[in-house]
Amino acid sequence: MDEVWTVRAGRVPYEEARAAQKRLEGARQAGEVPDLLLLLEHPPVYTKGRRSTPDELPLGEDWYRTQGIEVTDTDRGGRVTYHGPGQLVGYPIVRLRALTNRAAPASEQAWMNGRPSGSLKDEEAARIDIGEYIRRMEKVVIAALADWQVEAELIDGLTGVWTPEQRKIASIGVHVNRGITTHGFAINVNNDLRPFEWIVPCGIESCRMTSVARELGAERDLDAFATTVRDRFGEVYERAPVEVGAEELPERLWGIDALAGTAAALR
């Protein structure tokens, strides 16, 4: 079974994490690293996806900044969402072609394996598999929540993962470049939910948000929850998780110092 390096990076500013993802994306395309899963938190920030509109931040960006919440554009899909301390963010850096090879007939696998990386077939594989990739991500989140006695499900026509009472507990937004994924999912565990009330989360009017802590009545161990997500990710994506310390990555790969030396809540 192929490995997935799991990196618990602690609390990382959004733009620094984004730069690290780009570096790791290039390393994955070049075959320098296997698939990776970054698990981390962000300081308070609203991120605007490619389909965001100004009305999703109705109080104006300057007002949010006076509340100590940064506002930034991003290249992931989706609309506006919030990240903050106590929320578990997962960024898988995954080569979609590997998922295609697992599912494809032997003759098609041989055809694909005979093509160089970056070929048209790579692009086709990415288009074919992004739906399956997201479906697996939803399964990871739902299974991890179930392990912590939080029932969750999907709602037709709406993005993310929801409780049966139609409260949103996790958001999903991804980006694919040359068959490599970045961005991913955010699960509300112990984070303050009030910042969601000041926006139109994910472009969904009257969207009610919730968290593991709210559903269970008390905060939970974020690091232990991250371990559950790591294990479920390995199971669903058929990868063997290998823990790699954030401080080890710069030793293995140039240009990702942002993930080392952070004040880690995830250890």
Side-chain angles (χ1 to χ4, degrees), residues 7 9-25 38-93 134 137 141 158-162 167-177 181-214 222 246 255-259 261-266:
V7 182
R11 192 168 298 169
V12 184
Y14 186 81
E15 288 299 335
E16 292 183 19
R18 186 176 173 188
Q21 287 183 78
K22 291 301 293 181
R23 174 67 183 98
L24 291 169
E25 173 194 315
L38 307 182
L39 296 172
L40 49 84
E41 301 173 87
H42 289 306
V45 61
Y46 291 120
T47 63
K48 300 187 294 181
R50 294 192 303 270
R51 296 191 297 115
S52 297
T53 55
D55 58 294
E56 294 168 9
L57 294 166
L59 301 178
E61 293 188 12
D62 289 342
W63 184 87
Y64 297 115
R65 292 189 175 100
T66 66
Q67 308 307 306
I69 305 175
E70 189 53 68
V71 181
T72 186
D73 293 314
T74 186
D75 58 354
R76 63 161 171 78
R79 314 288 282 268
V80 167
T81 194
Y82 169 76
H83 301 300
Q87 180 191 68
L88 181 67
V89 177
Y91 292 140
I93 317 295
I134 292 174
M137 188 175 293
V141 174
L158 296 178
T159 62
V161 175
W162 304 70
R167 293 189 290 265
K168 191 170 188 177
I169 196 168
S171 301
I172 291 175
V174 304
H175 178 72
V176 181
N177 180 36
T181 69
T182 53
H183 301 284
F185 57 87
I187 306 173
N188 299 330
V189 182
N190 299 324
N191 49 299
D192 183 0
L193 297 175
R194 287 176 300 172
F196 287 109
E197 299 173 3
W198 302 335
I199 63 172
V200 181
C202 306
I204 304 171
E205 292 286 351
S206 303
C207 178
R208 296 183 300 159
M209 305 296 293
T210 191
S211 65
V212 173
R214 175 172 287 185
L222 187 62
I256 50 172
D257 294 346
L259 296 183
T262 57
L266 301 173

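All values reported here derive from a predicted model rather than from experimental measurement. Computed over heavy atoms, backbone and side chain alike; hydrogens, waters and symmetry mates excluded.
- Looking only at atom types and distance, the side chain of Thr72 has no donor-acceptor partner in the side chain of Arg18 under 3.5 Å away.
- Between Asp73 and Glu15 the shortest heavy-atom distance is O-OE2, 3.9 Å.
- Nearest heavy-atom pair, Ala246 versus Val7, reported as atom, atom and distance to 0.1 Å: CA-CG1, 3.9 Å.
- By the side-chain hydrogen bond (donor to acceptor under 3.5 Å, both in side chains) test, Glu25 is found to be paired with Lys22, Asn177, residues two or more places apart in sequence or in another chain being considered.
- Listed by chain and residue number, Asp55, Glu56 satisfy the side-chain hydrogen bond (donor to acceptor under 3.5 Å, both in side chains) test with Thr53 (two or more places apart in sequence, or in another chain).
- A distance of 7.5 Å separates CE in Met209 from CH2 in Trp162, rounded to the nearest 0.5 Å.
- Counting all heavy atoms, side chain and backbone alike, Pro85 lies closest to Pro44 at CD-CD, 3.8 Å.
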Chi angles and distances behind the side chain to side chain contact (heavy atoms under 4.5 Å, CB included) call for Leu88, Leu222: CA-CA 7 Å; Leu88 181 67; Leu222 187 62; 4.0 Å; yes

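- When every heavy atom of Leu59 is checked against every heavy atom of Tyr64, the shortest pair comes out as N-OH, 3.2 Å.
- Taking both residues in full, the closest heavy atoms of Leu40 and Ala17 are given as CD2-CB, 4.4 Å, listed atom of the first, atom of the second, then distance.
- Side-chain contact between Glu70 and Pro43 is absent, with no heavy-atom pair separated by less than 4.5 Å.
- In terms of heavy-atom proximity, Gly184 sits nearest to Pro92 at CA-CD, 3.9 Å.
- In this structure, the side chains of Thr159 and Arg79 stay at 4.5 Å or more apart for every pair of heavy atoms.
- Using modelled atom types, one side-chain atom of His42 and one backbone atom of Val12 make a donor-acceptor pair closer than 3.5 Å.
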Pair Leu158-Lys168, side chain to side chain contact (heavy atoms under 4.5 Å, CB included): steps then yes or no: CA-CA 10 Å; Leu158 296 178; Lys168 191 170 188 177; over 6 Å; no

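- Looking at residues two or more places apart in sequence or on another chain, you find a side-chain hydrogen bond (donor to acceptor under 3.5 Å, both in side chains) between Arg194 and Asp192.
- Take Arg214 and apply the side chain to side chain contact (heavy atoms under 4.5 Å, CB included) test, not counting sequence neighbours, and it matches Leu193, Thr210, Ser211.
- Among residues two or more places apart in sequence or in another chain, the ring-ring contact (aromatic ring centres under 6.0 Å, His included) test is passed with Phe196 by Tyr82.
- Atoms CZ and CZ, from Arg208 and Arg167 in turn, are 5.5 Å apart once rounded to the nearest 0.5 Å.
- When only modelled atom types and interatomic distance are considered, His183 and Asp75 share a side-chain donor-acceptor pair under 3.5 Å.
- Applying the side-chain hydrogen bond (donor to acceptor under 3.5 Å, both in side chains) criterion to Glu61, with sequence neighbours excluded, gives Lys48, Arg65.
- Ile134 contributes atom CD1, which lies 13.0 Å from atom CZ of Phe185 (distance to the nearest 0.5 angstrom).
- Contact of the Leu24 side chain with the Tyr91 side chain is not registered, since no non-hydrogen atoms from C-beta on lie closer than 4.5 Å.
- In this structure, the side chains of Asn188 and Val212 stay at 4.5 Å or more apart for every pair of heavy atoms.
- Panel note: side chain Tyr46, backbone Pro195; a donor-acceptor pair is recorded below 3.5 Å.
- Inter-residue side-chain proximity for Arg76 and Thr182 is flagged as unmet; no heavy-atom pair is nearer than 4.5 Å.
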